[in-house]
Amino acid sequence: MKLDRIATLTPLIAACLLGTPFAHADDGEAIYESTGCKACHTIDQKRMGPTYKDVAAKYKGNPDAPAMLAKKIRDGGAGTWGTVPMPAHPADRISDEELKIVVAWILSH
Ligand code: HEC
């Protein structure tokens, strides 16, 4: 009986341990979900804002992209993808650290 339980739990514990190295990618997604980006962006379906696949493709290999995109999300603005503006995202909504993580996550698509 006791051995059965250990056998059931072992894969679960292993899954938790193996999951740890990927926590960073998940963080980006969690920030995207919790800071409201989801209302206007998805990974591959055009909504009010561009898809993150299109964003990643547009800035592929551009070393200035992470800093530029973080600033754009912070300040908001329009004109790159159309005339609809993205609202500003002040520091009480998303921190500099969170911006860095979410931008890296977006560019990884
Ligand atoms: C109210 C809708 C809305 C919300 C909320 C929103 N965005 Fe946007 N986003 C847009 C629009 C519209 C654009 C296109 C702006 C343009 O054409 O310059 C955009 C553009 C972008 C771009 C590309 C910028 C560029 O210059 O190429 C990134 C990256 C981005 N958003 C990330 C985010 C992140 C991360 C969040 C959440 C913290 C977020 N957005 C929240 C509407 C939104």
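In this chain, residues are counted from 1 in sequence order. Just so it is clear, the model here is predicted, and its values are computed rather than measured. Both ligands and their constituent atoms are indexed starting at 1 by order of listing.
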Original post:
For ligand 1, which atoms, with element, lie under 4.0 Å from some heavy atom of Gly77?
Top reply: 15 (C), 18 (O)
Original post:
Is it true that a side-chain atom of Glu33 and a backbone atom of Ala30 form a donor plus acceptor pair closer than 3.5 Å?
Top reply: no
Subject >> Backbone or side-chain N or O of Lys72 under 3.5 Å from ligand 1 N or O >> reply: yes
**OP:** Number the atoms of ligand 1 from 1 as they appear, then name those within less than 4.0 Å of a heavy atom of Pro87, with their elements.
**Re:** 1 (C), 2 (C), 3 (C)
Original post:
Any nitrogen or oxygen of Tyr59, main chain or side chain, under 3.5 Å from a nitrogen or oxygen of ligand 1?
Top reply: yes
**OP:** Please could you name the atoms of ligand 1 that Pro85 approaches to less than 4.0 Å, counting only its heavy atoms?
**Re:** 12 (C)
Original post:
Are side-chain N/O atoms of Lys100 and Ser95 paired as donor and acceptor at under 3.5 Å?
Top reply: no
**OP:** Step by step, work out the side chain to side chain contact (heavy atoms under 4.5 Å, CB included) result for Asp27 and Val102.
**Re:** CA-CA 8 Å; Asp27 280 350; Val102 81; over 6 Å; no
Subject >> Heteroatom distance test (Gly82, ligand 1): nitrogen or oxygen, under 3.5 angstrom >> reply: yes
Subject >> Distance filter under 2.8 Å, centred on atom 8 (Fe) of ligand 1 - protein N, O or S atoms that pass it >> reply: His41 NE2, Met86 SD
**OP:** Indicate yes or no: does an N/O atom of Arg93 lie under 3.5 Å from an N/O atom of ligand 1?
**Re:** no
**OP:** Can you sort out which atoms of ligand 1 are near Gly79, meaning under 4.0 Å from one of its heavy atoms?
**Re:** 16 (C), 17 (O), 18 (O)
Original post:
For residues 37-51, which residue pairs qualify under side chain to side chain donor-acceptor pair (under 3.5 Å), counting only residues two or more places apart or in two chains?
Top reply: Thr51-Asp54
Original post:
Which atoms form the tightest heavy-atom contact between Leu107 and Ala56, and what is the distance?
Top reply: O-CB, 3.7 Å
Original post:
Heavy atom under 4.0 Å from ligand 1: found in Leu69's side chain, backbone, both, or neither?
Top reply: side chain
**OP:** Name the closest protein heavy atom to atom 5 (C) of ligand 1, giving the residue it belongs to and the distance to 0.1 Å.
**Re:** Gly36 O, 3.5 Å
**OP:** May I have the step-by-step check of side chain to side chain contact (heavy atoms under 4.5 Å, CB included) for Cys37 and Tyr52, ending in yes or no?
**Re:** CA-CA 11 Å; Cys37 321; Tyr52 286 161; 3.5 Å; yes
Subject >> Pair listing, salt bridge (charged side-chain N to carboxylate O under 4.0 Å, His left out) test, anchored in residues 57-69, at least two apart >> reply: none
Subject >> Which residue and heavy atom of the protein sit nearest atom 12 (C) of ligand 1, plus the separation >> reply: Val84 O, 3.3 Å
**OP:** Tell me, please: is Tyr52 in heavy-atom contact with ligand 1, that is, under 4.0 Å?
**Re:** yes
**OP:** Please state which part of Leu99 comes within less than 4.0 Å of ligand 1, counting heavy atoms only: side chain, backbone, both or neither.
**Re:** neither
**OP:** Give every residue pair that meets the salt bridge (charged side-chain N to carboxylate O under 4.0 Å, His left out) criterion with at least one member in residues 73-90, sequence neighbours excluded.
**Re:** Lys71-Asp75, Arg74-Asp96
Original post:
How far is atom 17 (O) of ligand 1 from its nearest protein heavy atom, and which residue and atom name does that atom have?
Top reply: Trp81 N, 2.6 Å
**OP:** Go through Val55 and Leu69 one step at a time and tell me if the side chain to side chain contact (heavy atoms under 4.5 Å, CB included) criterion holds.
**Re:** CA-CA 10 Å; Val55 173; Leu69 291 175; 4.1 Å; yes
Original post:
What's the shortest heavy-atom distance between Pro85 and Ala78, and which atoms?
Top reply: CA-CB, 3.6 Å
**OP:** Please step through side chain to side chain contact (heavy atoms under 4.5 Å, CB included) for the pair Trp81 and Met86, ending with a clear verdict.
**Re:** CA-CA 10 Å; Trp81 299 88; Met86 173 157 61; over 6 Å; no
Original post:
Of all the atoms in ligand 1, which lie at a distance below 4.0 Å from a heavy atom belonging to Met48?
Top reply: 12 (C)
**OP:** Take atom CE of Met68 as the centre, draw a 6.0 Å sphere, and report whether it contains more than 12 heavy atoms from other residues, nucleotides or ligands.
**Re:** yes
**OP:** State, with a plain yes or no, whether a side-chain heavy atom of Tyr32 is found less than 4.5 Å away from one of Ile43.
**Re:** no
